[in-house]
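See below for the structure under consideration.
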Amino acid sequence: MNKYRSHNCNELRKKDVGSRVLLSGWINKKRDHGNLLFIDLRDHYGITQFIIDKDNKNFSRLEKIQLETVIKIDGEVLERSKDTINKEIETGEIEVSIENFEILGNCKELPLPVFSDQEYAEEIRLKYRFLDLRRKKIHENIILRSNVISFIRSEMNKLGFLEFQTPILTASSPEGARDFLVPSRLSPGKFYALPQAPQQFKQLIMVSGFDRYFQIAPCFRDEDARADRSPGEFYQLDLEMSFVEQEDVFEIVEKLLVNTFTKFSKKKLMFKTFPKIPYKDALLKYGSDKPDLRNPLIIKDITEIFSREDVKFEIFKKLVKSGSKVRCIVTKDTKDKPRSFFDNIDKWTKEQGGSGLAYFTIEKDKDIVAKGPIGKFFSKNSIEDIMKKTEAKIGDSIFLACAEQKELERITGLVRDKIAQDLDLIDEKVFAFCWVVDYPMFEKDDKTKKIEFSHNPFSMPQGKIDKINFDKPLEILAFQYDIVCNGVELSSGAIRNHIPELMYKLFSIVGYDKKQVNDKFSGMINALSYGAPPHGGIAPGIDRIVMLLAEEKNIREVTMFPMNQNAQDLMMNAPSQVSEDQLKELNLILKSKK
RNA sequence: GGGGGUGUAGCUCAGUUGGUUAGAGCGAUCGCCUGUCACGCGAUAGGUCGAGGGUUCGAGUCCCUUCACUCCCGCCA
């Protein structure tokens, strides 16, 4: 028998009654009756109740022992009487009498209770993460994460993918996020960068002739955190395939995600085949490039109504004349909602920086009329036209916003979410996946007015190469796609551009000459000129997948040792100062702080 | 870098229009209790009200500054 235990804390059952056992674990809870003491012992597997009375020589010592002390106990398994069975735990039909015990690990007074469902300040949870991780929900989240990752690995293997590691110390790349830099000792004044993703490596793996690659890849980006974005580091299921078109990637990923989400969640999938929404449509219909398809509301453009003579809503008409657009959201059967419902949404919109929402409700007295503050500006004819365009019925309400296109998309997207929340239209019991496709290759930076890559500069532009109109770069679409679930962006991917000449051409549009491209992407551009296969891939975010499966709203709930919002590890005290010697060796001199 | 929220006992929180000695639950300590499983009962200790400044006869409460945490914007090819 092992020195510490014959059984774990979730093993003993009725059939074990009468046997002598040895268990080790943490003291989860004590219930002290003065002459009789119950102890719940907890380990990774579960909880077993122990019992001791004052006749035992160990009684008084155990009475005083701190919660969360690690002890080993030996004793005899007893059957519980019918009225004392605890159905909440799997070992609830038995208990173990304590004969001897030994303290294996003492515990100081706890900074946070382990056995509690209460929520605690993040700061203290992160500082004492090892205690926090003992708690049930997060302990289970981490187990889920492990199971999801191992399931994905085995699925990927079955699908013919090989797992490879790529370097953690690599070169800084000019595009994208801010890099984490690592000074080089052997090359004074030079730096490695931690990879933002194994982007170039995975393409090089394809050029090397490995047909299908994947990796649970750590990615490092020095950008500010969000609830669904860890500062510093996160994990992607990075995958890449040779001789594929967009549809081939979709097929693999859909299969994988459907299997994973079916296995690890009770929620239903809204679509087994994920709808494909062109980027442009997504912005029009949902006001977002990561639409939440659980939300049934759809945004409609009704700009042209506002150039009619019989519409007198001058504020919007004036704006439309100067290039703004009008878009609206129809809510079903809301004519009896109180005025406050409408006004709250308008008020909220203004808080979000919008210029506010107009609204009216379509009703029928003798004739069809628009009721509400701006109803009087619309003729019967124009209302009927709006109804036709928006599929609105009598009794429905229409919320209208007017702004320049980009701002309008932002506002209508926000309002769409807000209204759906207020009307409780979102089914929390489903996962709604979709693809967002046909991303533009380039976009114009609002401030600098310069043309930039809108996503991945290595993506393949759509259309036959000799037919692409490089004079109108903003019209070029890319084989670039995102996968979105319940409004969360899970990943983006692309069919890659494996043709060096085309790469130089595209980079020239954003102002890189051939030499610069050669310098910045030397590894890859060189490789592409030695027989590169057409290839493409994608990289779903592991943390976000687990977050959705665990039904958590914050990525730290599925991360074992996360950093706080300022990218500090409160447990390990990272980042920290280093010694003068270390700096010297790395040829670094610190500027004194002001 | 900007905006919102929070900060009161080890933990979770209450604290009225500014007014006596700042409270509760859990935890800790001590006592009582032989069938609990959020055991119960009683007592005790525990507070720079995040920090600094101001207004006031008087500030946990009002004002200013600042710090920490968090959510969002920017940023994240």
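In what follows, every chain begins at residue 1, and chains take the letters A, B, ... in the order their sequences are listed. For clarity, every value in this text was computed on a predicted model and none was experimentally measured.
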Requested in this report: Scan A:T69, A:N56, A:I71 and name whichever one has a side chain to side chain contact (heavy atoms under 4.5 Å, CB included) with A:L62.
Outcome: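 Checked A:T69, A:N56, A:I71 against A:L62; only one passes side chain to side chain contact (heavy atoms under 4.5 Å, CB included): A:I71.
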Query raised in the report: So which of A:E551, A:R135, A:M560, A:E557 actually passes side chain to side chain contact (heavy atoms under 4.5 Å, CB included) with A:N141?
Result: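 When A:E551, A:R135, A:M560, A:E557 are each tested with A:N141, the side chain to side chain contact (heavy atoms under 4.5 Å, CB included) holds only for A:E557.
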Query raised in the report: Do A:E68 and A:K108 meet the salt-bridge criterion of a basic N to acidic O distance under 4.0 Å?
Result: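 Between A:E68 and A:K108 there is no salt bridge, as every charged N stays at least 4.0 Å from the carboxylate O atoms.
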Query raised in the report: Nucleotide by nucleotide, 5' to 3', does protein get under 4.0 Å of the base (B), only the sugar-phosphate (S), or neither (-) in nucleotides 41-47 of chain B, counting heavy atoms?
Result: -------
Query raised in the report: What is the per-nucleotide protein-contact pattern of nucleotides 6-15 of chain B, from the 5' end, where B denotes a base atom under 4.0 Å from a protein heavy atom, S denotes such proximity for sugar-phosphate atoms only, and - denotes neither?
Result: ----SSS---
Could you tell me whether [X] contacts a base, only the sugar-phosphate backbone, or nothing, with contacts defined as non-hydrogen atoms closer than 4.0 Å?
| X | value |
| --- | --- |
| A:D222 | nothing |
| A:R410 | nothing |
| A:S116 | nothing |

Query - Base B:U70 to side chain A:R556, donor-acceptor N/O within 3.5 Å cut-off - result: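 Between B:U70 and A:R556, which were checked side chain against base, a qualifying N/O pair under 3.5 Å is absent.
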Query raised in the report: Taking atom types as they are modelled, is there a donor-acceptor pair under 3.5 Å from the base of B:C76 to the side chain of A:R221?
Result: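 Not at all, since no donor on one side and acceptor on the other fall under 3.5 Å apart.
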Report task. Select from A:S492 and A:L570 the residue whose nearest nucleotide in RNA chain B is closer to the 5' end of that strand. Result ->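 Result of the comparison: A:L570.
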Query raised in the report: Taking for each residue the nucleotide of RNA chain B with the nearest heavy atom, is it A:F453 or A:Q66 whose nucleotide lies nearer the 5' end?
Result: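 Comparing both residues, the 5'-ward one is A:Q66.
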Report task. Using a cut-off of strictly less than 4.0 Å between a heavy atom of the residue and any atom of RNA chain B, enumerate the qualifying residues of residues 34-63 of chain A by number. Result ->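 A:G34, A:N35, A:L36, A:F38, A:Q49, A:I51, A:D53, in order of number.
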[M] and [N], which share atom name [atom1], separated by this distance in whole Å:
| N | M | atom1 | result |
| --- | --- | --- | --- |
| B:U70 | B:C63 | P | 26 Å |
| B:G25 | B:U34 | P | 25 Å |
| B:U29 | B:U65 | P | 45 Å |
| B:A45 | B:G27 | C1' | 13 Å |

Please give, in whole Å, the distance from [N] [atom2] to [X] [atom1]?
| X | N | atom1 | atom2 | result |
| --- | --- | --- | --- | --- |
| A:Q565 | B:C75 | CD | P | 17 Å |
| A:I27 | B:C37 | CD1 | P | 19 Å |
| A:K418 | B:C72 | NZ | C1' | 15 Å |
| A:E223 | B:C73 | CD | P | 14 Å |

Query raised in the report: Starting at the 5' end of RNA chain B, what dot-bracket string do you get if Watson-Crick and G-U pairs under 3.5 Å are bracketed, crossing pairs use [ ], other-strand pairs use | and unpaired bases use dots?
Result: (((((((..((((.....[...)))).(((((.......))))).....(((((..]....))))))))))))....
Query raised in the report: Taking only side-chain nitrogens and oxygens of A:N86, does any of them come within less than 4.0 Å of OP1 or OP2 of B:G35?
Result: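 Result: no.
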**Report entry** Pairs satisfying salt bridge (charged side-chain N to carboxylate O under 4.0 Å, His left out), at least one member in residues 198-207 of chain A, at least two apart
**Finding:**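 The answer is A:K202-A:D238, A:K202-A:E240.
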Query raised in the report: Should the ring pair A:F458 and A:F507 be called parallel, tilted or perpendicular, given that the plane angle runs from 0 to 90° and is split at 30 and 60?
Result: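 Judged by the thresholds at 30° and 60°, the geometry between A:F458 and A:F507 is tilted.
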Query - Side chain of A:N564 (C-beta onward), nearest among B:A38, B:G74, B:C69 - result: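 Looking only at side-chain atoms, A:N564 lies closest to B:C69.
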Output one line per pair: protein atom, nucleotide atom from nucleotides 1-4 of chain B, and distance, for all N/O pairs under 3.5 Å.
none

